2 protein chains.
Amino acid sequence: MDTPLPGNTKVTRQDWLDAATQILLTDGVERVKILTLANLLNVSRSSFYWYFESREALLTALLDHWIGTNTAALVAHAATQQPTITAAVANVFICFIDERQFNNRLDFAVRDWARRDPSVREVLAQSDEQRLTALAAMFGAHGYTPEDARIRARVLYYMQIGYIDADLQETTQERLEQVAHYIFAFTGQHATQAELDTFRTTVLSFSETG
Amino acid sequence: MDTPLPGNTKVTRQDWLDAATQILLTDGVERVKILTLANLLNVSRSSFYWYFESREALLTALLDHWIGTNTAALVAHAATQQPTITAAVANVFICFIDERQFNNRLDFAVRDWARRDPSVREVLAQSDEQRLTALAAMFGAHGYTPEDARIRARVLYYMQIGYIDADLQETTQERLEQVAHYIFAFTGQHATQAELDTFRTTVLSFSETG
DNA sequence: ACCCGACTAGACATAAGTGTCTAGACAGGT
DNA sequence: ACCTGTCTAGACACTTATGTCTAGTCGGGT
């Protein structure tokens, strides 16, 4: 994904998608230009049209892929049973804390895209609703009232968005120090030291594998 | 700002800036095109070059204006003395809750812009630092330790960003209901009913005048 | 050896964007 | 009446983007 392909390797449809994703992440949709992608792949611009009907088709494919992965990931994490609400929130954080923050920056890029494209906005709204519902259910499973669960889900969800948007250059360690405080904020109770330690190990192992 | 000028009125440099701001808010920097602005002002595209040396000059002017207003606003609100931390947080919320969310969406647009332009990123980083320092000082003034104040400032700040980014279609009333919970999260204590009532009146009067 | 499907390059047409230049409208001071 | 500075329109040159069409390359199956 990060390294452009060597010139001799066969170019695939996925390569175009990867290149497009890369530009989408760093520069936004508006900068996803076919020539740019072709240069990244060391290939002629016109080859693009063998794999995709148009630029629009590429963007649609990109969006479809995003829905399939990013939304499902958070929903799955939120649905995983956890002994305490602290652990549950920590688990959700794991879903979005990793070295590259790949999916999250993509999430942001799509969010920006949605601002100027109504059809994308609709897809995003559905995804938001699914994720919020999953998070609210998570809080609900730990004794919060439906109203309170919904609010806390929103706070958690929107803060994650803002966190990504702020585009911090932090190490995993720095991030972890803050997450301890976040958990306090979201659950209304301090995490125990044991819980924090468990959380640290989990996240760290996650970062290394991802 | 929202209504395009009638054709007979004299076009000013500020009109170009306003039109550009409008597009920046709704569509992002990439869509700030001179022809688009000219059409909004019912004026020839080439007239633009009397007021601005280039498109780049327009964008720079736009950024300068944003710094002058948006950053100063939050810093001023954060520096205002408040009896309790709850009131202080509430006061900061006032700074960003209003019907149109004008400055905040602009803030978001600039944040997006910064992602692809290093010089903008630098300006934004300075602004972020100023605002975070102001918020941290606010928490510090109410007895939080420097470390805790800093973290809470960041949570508050980033959540506001995410809140704007989520681009909710809410009434002021709906927003207020949530803010009560936000305050709880940020201060670690429940707001008293009296404080919430005062907060409601303040925000509502602000919305009406703004 | 050949053929055919997968894939690519390059030439072309078209559109949209920036920026320049020139002629001139229009209002206010003299 | 006429200048002069302010502002504008329209023609032009240039660049960059999308999308089309054609002629081909290249490898695997037969």
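Just so it is clear, the model here is predicted, and its values are computed rather than measured. Each chain gets a letter, A, B and so on, in the order its sequence line appears, and its residues count up from 1.
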Proximal nucleotide (of [options]) relative to the [X] side chain:
X       : options                : answer
A/Ser54 : C/dA9, D/dG19, C/dT20  : D/dG19
B/Val11 : D/dT8, D/dA9, C/dA6    : D/dT8
A/Ile34 : C/dT20, D/dT18, C/dG10 : D/dT18
A/Ser47 : C/dA11, C/dT8, C/dG17  : C/dT8
B/Val43 : D/dA17, C/dG19, D/dA9  : D/dA9
A/Arg55 : C/dG17, C/dG19, D/dT18 : D/dT18
B/Trp50 : D/dG19, D/dT8, C/dT20  : D/dT8

TODO: On DNA chain C, check which nucleotide each of B/Lys33 and A/Ser46 is closest to and give me the residue with the more 5' one.
DONE: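 The residue whose closest nucleotide sits nearer the 5' end is A/Ser46.
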
Task: Ring-face cation of A/Arg115 near B/Phe108 (centre distance under 6.0 Å, axis angle within 45°) - done: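 Judged by the rule (NZ or CZ under 6.0 Å from the ring centre, within 45° of its axis), A/Arg115 counts as positioned above B/Phe108.
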
Open item on the list: Looking at B/Glu129, I want to see if its CD is surrounded by more than 12 non-hydrogen atoms of other residues, nucleotides or ligands under 6.0 Å.
Closed with: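 Enclosed.
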
Between [N] ([atom2]) and [X] ([atom1]): distance, integer Å:
X       : N      : atom1 : atom2 : result
A/Trp16 : C/dC7  : CH2   : C1'   : 12 Å
A/Asn39 : D/dT16 : CG    : P     : 12 Å
B/Leu59 : C/dT18 : CG    : C1'   : 13 Å
A/Glu30 : C/dA16 : CD    : P     : 15 Å
A/Arg45 : C/dA11 : CZ    : C1'   : 11 Å
A/Glu56 : D/dT18 : CD    : P     : 11 Å
B/Asn42 : D/dT8  : CG    : P     : 12 Å
A/Leu35 : C/dA9  : CG    : P     : 12 Å

Task: Centroid-centroid distance, A/Trp16 to A/Phe48, less than 6.0 Å - done: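 Yes, the ring of A/Trp16 comes within the 6.0 Å limit of the ring of A/Phe48, centre to centre.
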
Task: B/Glu30 bridged to B/Arg55 by N-O distance under 4.0 Å - done: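 Salt bridge absent between B/Glu30 and B/Arg55.
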
Task: Basic-acidic side-chain contact under 4.0 Å: A/Asp112, B/Arg111 - done: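 Result for this pair is no, no salt bridge flagged.
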
Open item on the list: If you assign each of A/Glu53 and A/Thr36 to its closest nucleotide in DNA chain D, which residue comes earlier from the 5' end?
Closed with: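 Its nearest nucleotide being more 5', the pick is A/Thr36.
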
Open item on the list: Over all strands shown, is A/Tyr51 touching base, sugar-phosphate only, or nothing at heavy-atom distances under 4.0 angstrom?
Closed with: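 Answer is sugar-phosphate: A/Tyr51 comes under 4.0 Å of backbone atoms only.
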
Task: Phosphate contact (C/dA9 OP1 or OP2) by A/Ser44 side-chain N/O below 4.0 Å - done: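 Checking A/Ser44 against C/dA9: at least one side-chain N or O falls below 4.0 Å of OP1 or OP2.
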
